[in-house]
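Below: the structure, in structure tokens.
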Amino acid sequence: MSNSLLLGPIFIPLGGAALGILLARNRTYQQIIGLICGVLAWVCSVAVLLANLSEGIFTYNLGGWVPPYGIVLVADLLASIFAVMATTVMAAGILYVLGCRDKSVSAPAFMPLFLCMAAGLNGALYTGDIFTMFVFIELMVIASVILVAISDNRLGMEAAIKYLFISAMGTLFLLTGIAALYASFGTLNMADIARLLASGERPVLAQAAAVMLMCAFLLKSAVFPFHFWQPDFHTTAPTPVGAMLSSIIVKAGVYGLIRMTTLMFTAEAPLIHDLLVVLGLIGIFFGSLGALRTYDAKRLLAYSTFGQIGFILVGIGWGSPATLAAAIIYAVNHSFIKSSLLMLTGTISSRTSAKTSRLSEIGGVGNTLGFTSGLYFLGGLALAGVPPLNGFISKVTLIQSGIGLEEWLTVGLVVGAGVITLMYMTRTWQLIFRQERAETVQLKPRGDSVLAPALLIGLCLVLGLFASPLIQVALRAVEQMGDPSLYIRAVLGG
Amino acid sequence: MNTLFALATGLMFGMGIFQLLRRDLIKSAMGFYILFTSINFLFLAVGAYDGVIAPYVDANNQTSSQPSDPLVQALILTAIVISFGSYALLLGLIAVSSRRFRTLDSDRIDQLKG
């Protein structure tokens, strides 16, 4: 197994984007290239995960420069799991784009930007160098801002400006943190920083850097004090883009937090963990209650993402190996559920002439769509954590690991919030699919294709019925993370 | 020299934050760019690794015999390119939205409500 396989998930989409720009005049070729790149990137990331399982951590030195001097790509199990999740949802998103009838999708820059977003996310996951992570995150942010700005929804422009300012704040935090780390250690390689921190060296600036990086990652995944941009930005995006933003792009911040607490700042981790539990609980309740009172189907799902990220943060914050594994499982399962639900909402709203997702106008639109209704129902149950779907597995592993720690208060709150999820999902399903349609609403004969969400819901069902492989892999990933010296040795050698 | 550097960085940071919080979107965008420049200053200061003198001159303001750290300058170049790109994108978005909303006042661009 060649290490250069690691280049695939990053550079295949990037190459596809370049090719897509050259073929800007021909939309069909562009979309075919997009689909091929998405599938190839998925194949590469799965191959990387399999190689990881059999051979442990492996690295690729870009340009042949030896770390810590050069830029290094590292595939450990954590990065590989997140990358498989990202490429799976991205491939499904590209499939959705092929069957999408939005105007924005036919813009010549749409597919290249979509692929840039994928490349940025995969790069941020695989890189072992913190400055390169910043570059990839910026690639992702800029691509997503443009995609939201050209949305069919006229308010996309406003949300894009808002988000660009807010993400600039995140970038500022990240860059200041990187500068502080460089001032303290003179290196940007995460393994090298971890080695120096573990050797007992604790410059004053290192703790400031920890705070800065944490703020940046919390902002990227829209956690409580930095959350206000998220519902606007995710709601106004074109459906396939919104599905990506709300499922996998927010996971980049979660990945950063896990990486930070398990690799670099292990000494500060207990303090960070306590903070994450509190922020996660606030997110769970804010998000769930916000979802209950909103009147727009997409906005409801965006609020729900805010709540579900809270569950993941609580899992990270409890801090034991079992809860960390539960957080990883939760992150993966949530990506599949949320992206499929957003795509299904998109197919429903594409049936109406106004292409809106306000519940008052799409109420009853799904009346005659039996298949879509069934898929949405399954997705809603999965989000609420009802067996036999994958949402149940993630909730059960999380709550079980919490009970193992005897954190009764937080476990109680988490279970209570799970009930709210069931309330808002069944309410929405009733409103869209079960009530009588208003006479005034004219339906289009054809909407967006439901192939992509159907595949994702199928995946949810499979992951719910055969959950043990994912749990095993997550446990092995946590085992690997529990010993940072493995990562450090794999990158730096010796 | 170091004091001057710290003062300049701090001043630019303050100016950037002040401009960013203005209501006029163009002024906010300028604040955005000033902030990124101040971070570039911070990176440049970080390059003086021993923290005693600035990287490119010695204590007597002569060209230093000690080479400065080249990595931070590469980082600054990257950061400049990225911040320039974001700034251009931001100005483009503001141009389009000012035509659509007929205003540059960020308080009056408030149609997003849930």
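Naming: A, B, ... by sequence-line order, numbering from 1 per chain. Side chains are part of it too, since the values below use all heavy atoms of this structure and drop only hydrogens, waters and symmetry mates. Nothing here was measured: the structure is a model prediction, and the numbers come from that model.
When the candidates B:Ile82, B:Leu20, B:Val81 are compared by the number of heavy-atom contacts under 4.5 Å with chain A, B:Ile82 comes out ahead. Ranked by heavy-atom pairs under 4.5 Å with chain B, the list A:Val135, A:Ile146, A:Leu175 is led by A:Leu175. When B:Thr78, B:Leu25, B:Val96, B:Leu75 are compared by the number of non-hydrogen pairs under 4.5 Å with chain A, B:Leu75 comes out ahead.
The closest side-chain donor-acceptor pair between A:Asn153 and A:Thr236, if any, does not fall under 3.5 angstrom. A side-chain N or O of A:Thr305 and one of A:Ser246 form a donor-acceptor pair less than 3.5 Å apart. A side-chain N or O of A:Tyr424 and one of A:Ser304 form a donor-acceptor pair less than 3.5 Å apart.
Using a 4.5 Å cut-off between heavy atoms, A:Val145 touches chain B through its side chain atoms alone. At a 4.5 Å heavy-atom cutoff, the contact between B:Phe13 and chain A is made by side-chain atoms alone. Residue contact with chain B, scored on non-hydrogen atoms closer than 4.5 Å, involves the backbone and the side chain of A:Ala159 alike. With a threshold of 4.5 angstrom between heavy atoms, A:Leu139 does not approach chain B through any atom at all. Of the atoms belonging to B:Ser28, heavy atoms from both backbone and side chain fall under 4.5 Å from chain A. With a 4.5 Å cut-off on non-hydrogen atoms, A:Phe134 touches chain B through its side chain but not through its backbone. Of the atoms belonging to A:Ser167, not a single heavy atom falls under 4.5 Å from chain B.
Residues A:Pro238 and A:Ser151 share a closest heavy-atom pair of CD-CB, 3.5 Å.
Salt bridge A:Lys103/A:Asp152: absent, no basic N to carboxylate O contact under 4.0 Å.
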* Asked: Are A:Glu158 and A:Tyr163 close enough, and set up right, to give a side chain to side chain contact (heavy atoms under 4.5 Å, CB included), and what steps lead you there?
  -> CA-CA 9 Å; A:Glu158 189 186 332; A:Tyr163 178 60; over 6 Å; no
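Here CD1 of B:Ile94 is found 12.5 Å from CZ of B:Arg99. Values are rounded to the nearest 0.5 Å.
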